[in-house]
Amino acid sequence: MNAYAPILVLGALGAGFAIFSVVMATLIGPKRYNRARLDAYECGVEPTPTPAGGGRFPIKYYLTAMLFIVFDIEIVFLYPWAVTFDALGVFGLVEMLLFVLTVFVAYAYVWRRGGLEWD
C-alpha cells in the first residue's frame, strides 16, 4: 500500500483543488445574469430549433469523428511501440507494419469519401 500512497495523495490534492476552485468561483464570482447571457451560443450563429428526434447530422460529422479516432488510436499504439522497438525485434516491426496498413485503409476510405475537404 505504501507504493500507492503518493498516487492517492496526488489524486486527493487534484480533486480538492478542483472542488475548491468551483466552489470559490460560485461564491465570489460575478452574478450578473440576463437573457442574452443565459442563451445558447455557438460560434456566433443564432441557434435554430431542432426537430423532436434530434435532427440529422451530415456525413462530414461522422467522417471527421472517424478520422480523429483513426489517428488517435494510431498515436496511442505508436508511442509504446517506439519505446520498446529494440526489444520487439522483427516481430514488432511486422506487427506495426500490419497495423499501419490497416490505419492507412481507414485513412484512404475517409479521403475517398471527402472527409478531408473542409468546405
- Closest heavy-atom pair and its distance - M96, L78: SD-CD2, 3.5 Å

- Enclosure of F99 CZ (heavy-atom neighbours >12, cutoff 6.0 Å): yes

- Message: Quick check: do L101 and L97 have side-chain heavy atoms less than 4.5 Å from each other?
- Response: no

Please answer: with hydrophobic residues joined when any side-chain heavy atoms are less than 4.5 Å apart, are [X] and [Y] in the same cluster?
X	Y	value
V70	V105	no
V94	V100	no
I69	V103	yes

- d(L98 CG, L93 CG) to nearest 0.5 Å is 10.0 Å

- Message: Working to the nearest 0.5 angstrom, can you tell me the gap between M24 CE and I19 CD1?
- Response: 14.0 Å

- If you link I, L, V, M, F, W and Y whenever their side-chain heavy atoms are under 4.5 Å apart, who else ends up in the same group as V83? none

- Query: How is the hydrophobic cluster of V76 composed, in terms of its other members, when Ile, Leu, Val, Met, Phe, Trp and Tyr link through side-chain heavy atoms under 4.5 Å apart, directly or indirectly?
  - Reply: none

- Message: In terms of relative ring orientation, are F104 and Y107 parallel, tilted or perpendicular, with 30° and 60° separating the classes?
- Response: tilted

- Message: If you take the centroid of each ring, where Trp contributes its six-membered ring, are W81 and F85 closer together than 6.0 Å?
- Response: yes

